[in-house]
Peer 1: 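Questions regarding the structure given below will be posed in turn.
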Amino acid sequence: MKQFLCTLLLLAIISPINAYDFQSGDLYYNITSSTDPFTVEVIDCEPNLTTATIPETVTYNGTIYSVTSIGNEAFYGCSSLTSVTIGNSVTSIGGRAFYGCSSLTSVTIGNSVTSIGNDAFSGCSALTSITIPNSVTSIGWSAFYNCDSLTKTNYTGDIAGWCKIKFDNYTASPIYYSHNLYINDQEIKDLVIPNTVDSIQNYAFYECFSLKSVTIPNSVKSIGYHTFYRCCFLKKDFVNNSPLDAEENGYWGARVGEIEVDGMIIQGTIVVGCRKNVTNATIPNYITSIGSDAFAKCSSLTLVIISSRINSIGSGAFDGCDALTKTNYLGDIAGWCAIKFGGSSANPISNSHNLYINNQEIRDLVIPNTVDSIHNDAFYECFSLTSVSIGNSVMSIGYDAFGGCSSLSSVTIGNSVTSIGDYAFSNCSSLTSINIPESVTSIGKNAFSNCSSLTSINIPESVTNIWYGAFDNTGIYNDESNWENNVLYIDNCLIALKCYIEGEYTIKDGVRLVAGGTFWNQNNMTKVNFPNSVKSISSLAFSGINIAYLEIPNNVKNIEERAFDGCRYLSTVTLGDGLTCIEDKVFRGCRALTSITIPNSIKRVGVSSFENCSSLTSVTIGNGVTNIGKYAFYRCDRLSDIYCYATLLPSSQESSFPHYYAYVYVPCESIQLYRADNVWGKFQNLQCLDTEETDIENVKGSSQTLNNCNKLLRNGQLLIQRDGKTYNVMGQEL
């Protein structure tokens, strides 16, 4: 491994490394166990694959491996894939494994699968039926999201087994789309829960329209959240032998411990549902929360009065309340700003398009100085708003806080605001100008998108991160005279491109910030040159581009999260010493990267910053690093050498590193601290390094030469000597 590193260092800039261990047929595999029992997981497939069979075993270099898992995103976006057969050796299907396989019509899942990951089949819009084997115990969040063509859900076990499956949310269950459940190809209409069942999991029969009756025995002690929600054709629910007439009263699902107050279904201090024919809803004073979907589809609701004690409103709470004409809040603006909304359809304003405070309609909104943040969706689609003044105590403006306020023409943002959230003012079509104060450091994605009248914007020097789409389809964006050679600049910020780049690109001198997503997936762009004026690179600015070499100059102070995420051909990176932090996921998925030197100026290495850099073999950590985030080097399975010059032990977590058999070299004066640490002390080969010039073969105690190739440390820098010449870890001759 050590000899192999030497060769890689010299060839890094011309030879990207594949991210898989081997290929067999149309599939790519990673070895998950190289000792008996030998196992692998599927991680990728050939492009344009139409049919896939996951075998039970594969052979590589004479060893027979059992295929036990389908990895995360293994078939992600394979739009040509029509049929999948999963072998009986597979026990898990990873997150987003078949995400966006829009042509997939047939799936056969082996009878050993126990878990199906988040979004595993999300977007498989052509899938018409699914059979869940009786081995499955859990199905992750939104596993079948947007599988709109599903007409049949078949389970090969029994009712007791189905009741035990853990569904993370309602779109984790295929029943939500098929609206039926078959047990061994027999449709269930009259459901009898056997007396061996003591609990029924959340969402187990969510929107199972085929159910006509349900019998639940006394053995059942708990019925999960939304277990029978919207079983619209259910004539009777029997919850512990207590009948509720679902069809007559409009209860779309029974839950234990509920009472009815003025047509609202209440459990404790939470409104969990209502009758379909409710027209006016006055939330009682003792209620603190309105649950998810509580008033969903209440098409007759015209007025809702919300007490000042409400602190949260769940997702979809007012979804489909199209007749709602008035939202009245019996508190003050500060109280309304403090409510946590579970999305735009949680807020009744999205239907009434107005807000009354104690029966006074709010048109000119003044956020008082007692408010420190405006929560997500707080005033979403409040058409009645014409002006907003945000007090000097507010530090953050949440996601979609004022999105869709189409009459809003004037906004004043206080000088304490540091972040403007995603979609915060999107679709405010009457807004003509915005003055962003010097306190703001971050502008969220699509923050001002579709503000079609917005022709005046200032971006102060304090802003270091502009997410993608922040100013898309504004008046400035849509005015062709504001574009220079297909590039949009606002002040000294590069905001957007209209062109497709071939080869090398040099950013114009004078640009201080590159906005997020500007060069996203410019697949034919091979190199980027930064002028000395650039100080900030925003989130996702260069994500997915095909460059092989990257040099960040010293004047760059900020590289925001995911800036170079997924640059799979990036093999060589030089970081300038102007940086103080490597943010989360900055170089995640740069699978050709073989080594990285983190300069002394860096204080923190962020979460997942180098995750899945599967060719990474050598890491040099500067003496200024104090924190290494979780998953920082996760799935960097080839990492064999770590040179850490920090005399003060950097904090880290077990998940920060992929394994603990790498050779780790630390300052001699601090080696006992490293050995005593709960994380660093796990490394089996923790050794002392000298900050003066030292031959590494003496440090490690064994020969590290290959064709006159020697490694040495000189004043804290790892160098390579070969044939009388000296190279740095990037393969550059010194």
Peer 1: Angle class for the Y206/H226 ring planes (parallel below 30°, perpendicular above 60°, tilted otherwise)?
Peer 2: tilted
Peer 1: Supply the atom-to-atom distance D262 CG to I283 CD1, rounded to the nearest 0.5 angstrom.
Peer 2: 10.0 Å
Peer 1: If you measure from CD1 on I362 to CG on N354, what distance do you get to the nearest 0.5 Å?
Peer 2: 10.5 Å
Peer 1: In Å and rounded to the nearest 0.5 Å, what is the SG to OH distance from C101 to Y76?
Peer 2: 10.5 Å
Peer 1: Are more than 12 heavy atoms from other residues, nucleotides or ligands located less than 6.0 Å from atom OH of Y634?
Peer 2: no
Peer 1: Would you say S125 and S102 are linked by a side-chain donor-acceptor pair, where the criterion is simply a distance under 3.5 Å?
Peer 2: no
Peer 1: Checking side-chain hydrogen bond (donor to acceptor under 3.5 Å, both in side chains) against T39, which of T32, N30, T57, T91 comes through?
Peer 2: T32
Peer 1: Could you walk me through whether F121 and L150 pass side chain to side chain contact (heavy atoms under 4.5 Å, CB included), step by step?
Peer 2: CA-CA 12 Å; F121 294 95; L150 272 179; over 6 Å; no
Peer 1: Are T288 and N311 linked by a side-chain donor-acceptor pair shorter than 3.5 Å?
Peer 2: no
Peer 1: Please find out if less than 6.0 Å separates the ring center of Y203 from that of F167.
Peer 2: no
Peer 1: Compare every heavy atom of I116 with every heavy atom of A143, then report the nearest pair and how far apart it is.
Peer 2: CB-CG2, 4.3 Å
Peer 1: Step through the shown structure and confirm whether more than 12 heavy atoms of other residues, nucleotides or ligands are within 6.0 Å of NZ on K326.
Peer 2: yes
Peer 1: When you look at CG of N678, are more than 12 heavy atoms from neighbouring residues, nucleotides or ligands closer to it than 6.0 Å?
Peer 2: no
Peer 1: For the CG atom on N184, are there more than 12 heavy atoms of other groups (residues, nucleotides or ligands in this structure) within a distance under 6.0 Å?
Peer 2: yes
Peer 1: Quick check against the 3.5 Å criterion: does N180 have a side-chain atom that pairs as donor or acceptor with the backbone of T151?
Peer 2: yes
Peer 1: Whether the side chain of Y660 engages the backbone of E654 through a donor-acceptor N/O pair (distance < 3.5 Å, no angle test) should be reported.
Peer 2: yes
Peer 1: Given 3.5 Å as the limit, does a donor-acceptor pair link the side chain of N72 with the main chain of G95, or not?
Peer 2: yes
Peer 1: Is it the case that over 12 heavy atoms from other parts of the model lie below 6.0 angstrom from the OH atom of Y177?
Peer 2: yes
Peer 1: Please check if the side chain of D400 supplies one atom and the backbone of D377 the other of a donor-acceptor pair under 3.5 Å.
Peer 2: no
Peer 1: Does a sphere of radius 6.0 Å around NZ in K152 hold more than 12 heavy atoms from other residues, nucleotides or ligands, not counting ones at 6.0 Å or beyond?
Peer 2: yes
Peer 1: If I take atom CZ from residue F318 and atom CG from residue N351, how far apart are they, to the nearest 0.5 angstrom?
Peer 2: 8.5 Å
Peer 1: Specify the closest pair of heavy atoms between A120 and G94, including all atoms of both residues, with the distance to one decimal.
Peer 2: CB-O, 3.8 Å
Peer 1: Can I get a per-line list of side-chain donor-acceptor pairs under 3.5 Å for residues 298-305, giving both atom names and the distance, sequence neighbours left out?
Peer 2:
| unit_1 | atom_1 | unit_2 | atom_2 | d |
| --- | --- | --- | --- | --- |
| T302 | OG1 | T279 | O | 3.3 |
| T302 | OG1 | N280 | OD1 | 3.3 |

Peer 1: Could you tell me which non-hydrogen atom of E381 sits nearest to which non-hydrogen atom of S350, and how far apart they are?
Peer 2: OE1-O, 3.6 Å
Peer 1: If I compare all heavy atoms of Y65 with all of S33, which pair ends up nearest, and what's the gap?
Peer 2: CE2-O, 3.9 Å
Peer 1: With side chains defined as the heavy atoms from C-beta onward, is the minimum distance between I165 and Y155 less than 4.5 Å?
Peer 2: yes
Peer 1: Taking NZ, NE, NH1 and NH2 as the nitrogens, is one of them in K585 or E561 under 4.0 Å from a carboxylate oxygen of the other?
Peer 2: no
Peer 1: Is the shortest heavy-atom distance from the side chain of I86 to the side chain of I93 under 4.5 Å?
Peer 2: yes
Peer 1: Going through the checks in order, is the side chain to side chain contact (heavy atoms under 4.5 Å, CB included) test met by I70 and I54?
Peer 2: CA-CA 9 Å; I70 300 173; I54 313 299; 4.1 Å; yes
Peer 1: Between S92 and S115, does the side-chain hydrogen bond (donor to acceptor under 3.5 Å, both in side chains) criterion hold? Intermediate values first, please.
Peer 2: CA-CA 5 Å; S92 65; S115 64; 4.7 Å; no
Peer 1: May I ask you to decide if T131's main-chain N or O and N154's side chain share a donor-acceptor pair within less than 3.5 Å?
Peer 2: no
Peer 1: Here's a test for you: under ring-ring contact (aromatic ring centres under 6.0 Å, His included), which of Y176, Y145, W141 qualifies with Y170?
Peer 2: Y176
Peer 1: From Y29 OH over to E41 CD, what is the distance, rounded to the nearest 0.5 angstrom?
Peer 2: 11.5 Å
Peer 1: In the structure I gave you, are the side-chain heavy atoms of P348 and I306 within less than 4.5 Å of one another anywhere?
Peer 2: yes
Peer 1: Within the distance-only criterion (no hydrogens, no angle test), does the side chain of T108 pair as donor or acceptor with the backbone N or O of T85 below 3.5 angstrom?
Peer 2: no
Peer 1: Can you check side-chain hydrogen bond (donor to acceptor under 3.5 Å, both in side chains) on S142 and T171, steps first, answer last?
Peer 2: CA-CA 5 Å; S142 299; T171 54; 3.1 Å; yes
Peer 1: Could you tell me which non-hydrogen atom of P658 sits nearest to which non-hydrogen atom of R635, and how far apart they are?
Peer 2: CB-N, 4.0 Å
Peer 1: Could you measure the distance from the CD atom of E611 to the CG atom of D584? Nearest 0.5 Å is fine.
Peer 2: 11.0 Å
Peer 1: Quick one: does S135's side chain have a donor or acceptor within less than 3.5 Å of a partner on N111's backbone?
Peer 2: yes
Peer 1: Run the side chain to side chain contact (heavy atoms under 4.5 Å, CB included) check on W162 and I175 step by step: do they pass?
Peer 2: CA-CA 12 Å; W162 185 264; I175 288 180; 3.5 Å; yes
Peer 1: Can a donor-acceptor pair be found, under 3.5 Å and without considering hydrogens, that links the side chain of S219 to the backbone of N195?
Peer 2: yes
Peer 1: Let's go through I159 and V192 carefully: what are the C-alpha distance in whole Å and the side-chain angles of both, what is the deciding distance for side chain to side chain contact (heavy atoms under 4.5 Å, CB included) to 0.1 Å, and is it a yes or a no?
Peer 2: CA-CA 8 Å; I159 292 295; V192 178; over 6 Å; no
Peer 1: Cut-off 3.5 Å, no hydrogens considered: what does the side-chain donor-acceptor table look like for residues 328-337, sequence neighbours left out?
Peer 2:
| unit_1 | atom_1 | unit_2 | atom_2 | d |
| --- | --- | --- | --- | --- |
| N328 | OD1 | N358 | N | 3.4 |
| N328 | OD1 | N359 | N | 2.9 |
| N328 | ND2 | N359 | OD1 | 3.2 |
| D332 | OD1 | A334 | N | 3.4 |
| D332 | OD1 | G335 | N | 2.8 |
| W336 | NE1 | A378 | O | 2.8 |

Peer 1: Taking T105 for its side chain and T82 for its backbone only, find out whether a donor-acceptor pair lies under 3.5 Å.
Peer 2: yes
Peer 1: Got a donor-acceptor contact below 3.5 angstrom from the N427 side chain to the G403 backbone?
Peer 2: no
Peer 1: Identify the heavy atoms of I216 and I223 that sit nearest to each other, and give their distance.
Peer 2: CD1-CD1, 3.8 Å
